[in-house]
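See structure below.
First the proteins, then the strands, lettered A, B, ... as listed; each starts at 1. Values below: all heavy atoms of this structure, side chains included; hydrogens, waters and symmetry mates excluded.
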Amino acid sequence: MSTETPLDLKKTVNLPKTAFSQKANLAQSEPARLEKWSRLDLYRLIRRAGEGRPKFILHDGPPYANADIHFGTAMNKILKDLVVRSRTMMGYDSPYVPGYDCHGLPIETHVEKALEKKGKKKSDLNLETFRRICREHAENALKSQTRDFKRLGILGEWDDPYLTMSNHYEAETARMFARFVERGWVYKGARPVYWCIKDQTALAEAEVEYHQHTSPSVYVKFPLQSDPAAIDPALAGRKVFVLIWTTTPWTLPANLGIAVHPDFEYSAFEYGDEVYIVASELVESVAAKCGLDAAPKVLARFPGSKLDRLECRHAWLDRTSLLMVGEHVTLGGEADAETELDVSEAQKKSDSKAGTGCVHTAPGHGHDDFVIGKRYGLEIYCPVDNAGRFTPEVEHFAGQRVFDANDLIVEFMRERGVLLFSERYEHRYPHCWRCKNPVIFRATPQWFIAMDQAHRDLVEKDEDGRDRTNFTDNPSETGSLRSAALEQIERVNWIPAWGVDRMRNMLKGRPDWCVSRQRVWGVSIPVFYCAKCTEAVADPAVIHHVADIFERESGDAWYTHSAQELLPEGYTCKGCGAQEWTKESDILDVWFDSGVSSIAVLENREELRWPADVYLEGGDQFRGWFNSSLMVGIAAHDRAPYNTVITHGWTLDAQGRAMHKSAGNAVEPEKVIKQSGAETIRLWCVSSNYFDDMRGSDEILQRVTDGYRKLRNTARFALGNLDGFDPARDSVPVEEMEEIDRWALAELNRVTKEVLAAYEAYEFHNVYRALYNFATVTLSARYFDIIKDRLYTFAPRNKARRSAQTVLLQIGDALARLLGPILVFTADEIWENLPNRTEPSIHLALFPTANDERHEALFAEWDRLFAIRDDVLRALEEARVAKQIGSSLEAKLTLGASGDALALLQKHQKDLRYLFIVSQIELGEAKGAGVSITISVADGKKCERCWNYSKRVGESDVYPTVCERCVAALAEIEQE
RNA sequence: CGCGGUGUAGUCCAACGGCAAGACGCUCGACUGAUAAUCGAGAAACGCAGGUUCAACUCCUGCCGCCGCGACCA
């Protein structure tokens, strides 16, 4: 049917049209979409859709329920969300139960500070009340975090997360402690902690502040008891002394050993009729300091390892001091924890080297001392009481306060002739944050989980903080926690692969796990002491009885009930038959809490299962949660609780520095969300490789926003050109498509394959790179640009146009699905604007499938064509610079080629004008290897409708301003 | 100081031992039918020093920088 009146030309051009706006307006649209998902109950719908599918369990490491989330927390949760969502779209049933770590010191500290602001003190409250306030604080914090996580688009069981402070969890924590007891891995021993002698309390590192402090610095002689000839024949028969240095003379009565570095070289040098051993590097500085010979005569040189397990006598006590080798020894000075700071300071002061390379070791008074002492089976000896006074057994100094004793000991040593030199030494020293007095390191009774052996006695006898346990240094001992852990980690898939090395290294070197804390806000150690004979009862049956009470009343029961009420009725002491009991006052390390999660959560929820497929946390968790979870998994089931462990890096600022609120370089998630939406943070997470540290700043996020816009516009172009396309009616079979459309589909297949593989390997940055590259290069710069003419100017129902649309639909569909886990909001929006959607949300859909066709010939041909196109574009640019043309449609292209190139161009001759986006092509044979390109001004006039140039513009009477192609198109349109 | 990681244009990052890719940004330009878009052209990089090799961004050693862990922080 032909109409009399000509059509309005502009209206016959099929310009893109879609409800998918160019401007995302994410800050507003995201909350609206979250609201919609909430109404749909999307998480529940996904669970229902996943019924019967194979399960994939990512187990959430609980963030600490204290402050608001920061950028790193956001990244951690988003990465987990990416795993869960991608596995869901791969066809797994992948439920996500988030958790919160609710106990611990930071909350106690926070609550204490809040109380102080109100003029109250912790001691004004009873412990139940204090715990109640802690609980409330955790509840508030986790509510606020939950709100933030949901806002980030994290999908999960937010209505019912797991809390380490829930009744059930606290009960399970107690039960797991019983499990460790059952396996014979729990014992009570001693361990040095920071101790304030004024407040008579243990202090956390967080409660310690460093101030300048003046201590006596002393060099002391320890006579060698072993035969010096064993070190070097030159020393045979000599009076040999090992020289130590310390700034805490009061710890000398507790000296049980001397540590040297196995690889350092030590020297024995002569002074009078005596011989002194110090590190070779320090011989001169020690000699100078102590006023010995300026050029001491060295009798022997030997590695520290030569001294291993030789014995000295204590400087004045009738006791052995064992020589040990340890990597912690430095040439800067003593390595007591109290003086660790001195070491770095002393090393900087090159003019005044302190120390001898032989480290005075008192296992009851220093961290490194404790560790090495344990390794060598030394007693954790601490003859100092709560008030900081020497116990009666300390000869000469019993009852003295340790700081007063310093000078007395120095004088005493001087009189005895064992002191070589002393001076006043100013250094940074830990002080109590409350009373501002200097603190000491002091061994106190603690509960441990043994790494290396099963203890015959459930609870090791312990008097006055002494550890009587044998410590074996044999990790291969079967049945030990350490050996089982070392074996299990080899079966775990670590991503990146170096994780296993790090874990192995950590496990090999770690001391027994100290699980007791002298704190309030946590799960009590469910142990009772007989009031008569002080027998400790750590009985699994009793603990289970207590756990059942926790299950009903929460762990608060430990504080609200008496020991008798918590024990089974009529429980009597096996030792003395008494029935009066006291309760242990320590709580469990919060790492024990969170380590229990795989048991408390995975085994207790219908939809989950043990072990987990994946744990995904930052690298700080090797010593933390990965470790504690492993310990618990082995205690419970002799197996790691995870099959795969993925580690992510740290969030840094643009300069690669750690983000700190105080440094002012922290990027706040809330602010970013407000400005450019959660989608920006999500996209940032995949914009670089999370296995390494990730950098974030306003500028970097701006780049990410630009990337987002590019993706959005690409999707928008596809959607806009699908206006009026009915897939059922208009789709064109692949065989009947234009060749470039088939090429685009092959490219889509290729990128789909790549993206699916990247998701499979958790390499989300490769997902992003592949999709981004596809969107910008393959689609935006090439395919879309080329098919515009066909889409816009051909009759709407023209088969060639429908061919392109068929491809665009597949592209839009695949983009939405493949971006689904990342751009959760935008992908859903794309999905809504596609004509073929089946599910109500993209998040109920699955990933597209890729076929195995290689399309090698097709790719080879089009790669060649696009290479020629690059040359053509360069030539067109030159013509543009020469003011010959503006738009490329103003050009006529003359191509000359020979051989294969000519054949290729001839084969696609019909398509070349579209491929190069010019109005006319002249193709001829030319000599030479490459393709010769000549640009000239196109012939004829510009067609008003399609903007191509043609000599035939004006041929039509009805449409005098239009070219022959448009005349045909208009005829087609008129027929419709 | 130990253990582990990491270092490529201004930025984010890629490359079986074989011409150092892509993107953002920048400079210049085109278009005004993806338009607070789109398209094109251009300038711009392997932390340092050795070693292995015909050949090293890649492998090895050392140094330097940065990050994490080494805490009753979590």
Side-chain angles (χ1 to χ4, degrees), chain A residues 10 13-16 18 22-23 61-64 66 101 104-106 109 191 193-194 202-208 327-332 335 337 340 343-344 347 367 446 496 498-499 501-503 505-506 509-510 514 516-519 522 586-587 589-591 594 618-625 647 649-650 652 654-658 684 687-689 691-695 697 699-700 702-707 709-710 713-714 716-721 765-766 769 772-773 776-777 780-781 784-785 788 791-793 870 873-874 876-878 880-881 885-889 917 946-947:
Chain A
K10 188 78 178 174
V13 181
N14 314 303
L15 296 180
T18 174
Q22 181 173 48
K23 198 160 185 276
Y64 195 64
N66 188 15
D101 197 0
L105 179 70
T109 309
R191 172 192 165 105
V193 296
Y194 283 112
L203 296 172
E205 173 76 20
E207 297 170 324
V208 163
E327 308 275 335
H328 66 288
V329 174
T330 67
L331 293 175
E340 261 163 26
V343 175
S344 49
Q347 279 166 343
H367 181 256
Q446 304 288 343
W498 49 257
D501 297 329
R502 186 159 169 192
M503 200 70 186
N505 216 291
M506 192 276 299
R510 68 158 296 169
C514 179
S516 51
R517 298 289 185 271
Q518 291 71 52
R519 291 283 146 191
D586 289 1
I587 61 166
D589 178 11
V590 289
W591 285 114
S594 57
D620 54 334
Q621 299 301 331
F622 279 100
R623 275 166 195 277
W625 194 55
T647 326
W650 225 240
L652 310 174
Q655 280 72 47
R657 304 192 177 262
W684 172 80
S687 68
S688 55
N689 186 345
F691 300 140
D692 297 337
D693 293 340
M694 305 260 289
R695 293 176 183 213
S697 69
E699 194 201 352
I700 289 167
Q702 187 52 49
R703 308 269 179 277
V704 173
T705 309
D706 294 338
R709 274 214 308 272
K710 188 74 195 185
N713 279 324
T714 306
R716 183 164 183 268
F717 181 85
L719 294 173
N721 286 291
H765 61 293
N766 282 334
R769 274 193 328 104
Y772 186 77
N773 204 46
T776 51
V777 179
S780 192
F784 287 178
D785 217 26
K788 271 180 199 166
L791 289 167
Y792 294 171
T793 68
D870 287 342
L873 292 177
R874 210 164 293 122
L876 286 169
E877 186 61 25
E878 279 165 24
R880 209 170 276 133
V881 171
I885 57 162
S887 159
S888 62
L889 286 175
I917 319 184
C946 73
W947 298 347

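- No engagement by Gly720(A) is indicated, since no non-hydrogen atom pair under 4.0 Å with the nucleic acid exists.
- Whole-Å rounding puts the Trp498(A) CH2 to rG5(B) P distance at 7 Å.
- Base engagement by Ser780(A) is indicated by at least one non-hydrogen atom pair under 4.0 Å involving a base atom.
- Using a 4.0 Å heavy-atom criterion, one finds that Leu873(A) contacts the sugar-phosphate atoms exclusively.
- Here Lys710(A) lies in heavy-atom contact (under 4.0 Å) with sugar-phosphate atoms only.
- Base pairing analysis places rC66(B) opposite rG5(B); the two distances defining the Watson-Crick or G-U wobble pair are each below 3.5 Å.
- Between Phe691(A) and His765(A), the ring-plane angle classifies as perpendicular under the 30° and 60° cut-offs.
- Under the Watson-Crick and G-U wobble criteria, each requiring two contacts below 3.5 Å, nucleotide rC39(B) is paired to rG29(B).
- Across the protein-nucleic acid pair, Asp692(A) atom CG and rG68(B) atom P stand 14 Å apart, rounded to whole Å.
- Pair assignment for rC46(B) gives none, since no Watson-Crick or G-U wobble pairing has each distance under 3.5 Å.
- Listed nucleotides rA36(B), rA23(B), rC12(B) differ in distance to Arg695(A); the shortest reach to its side chain belongs to rC12(B).
- Rounded to whole Å, the C1' atom of rA15(B) lies 8 Å from the corresponding atom of rA20(B).
- You can call Trp947(A) stacked on the base of rG33(B); the centres are under 5.5 Å apart and the planes sit within 30°.
- Checking rC24(B) for Watson-Crick or G-U wobble geometry (two distances, each under 3.5 Å) identifies rG10(B) as its partner.
- Looking only at distances, no side-chain donor or acceptor of Arg517(A) sits under 3.5 Å from a matching main-chain atom of Gly522(A).
- Within the 4.0 angstrom heavy-atom criterion, only backbone atoms of the sugar-phosphate kind lie near Asn505(A); the bases stay farther away.
- Between the P atoms of rG18(B) and rG50(B), the separation comes to 23 Å (whole Å).
- Counting any heavy atom pair closer than 4.0 Å across all strands shown, Val193(A) reaches a base atom.
- Judged purely by distance below 3.5 Å, without hydrogens or angles, the side chains of Arg769(A) and Asn766(A) pair a donor atom with an acceptor atom.
- Picking from rA34(B), rG33(B), rC69(B) the nucleotide with the shortest atom distance to the side chain of Arg623(A) gives rC69(B).
- Within 4.0 Å of Tyr64(A), counting heavy atoms only, lie sugar-phosphate atoms of the nucleic acid but no base atom.
- At the heavy-atom level, Arg703(A) lies under 4.0 Å from base atoms of the strands shown.
- The nucleotide rG18(B) finds its pairing partner in rC54(B), both defining distances of the Watson-Crick or G-U wobble pair being shorter than 3.5 Å.
- Residue Gly886(A) is classed as a sugar-phosphate contact, given heavy-atom separations below 4.0 Å to backbone atoms only.
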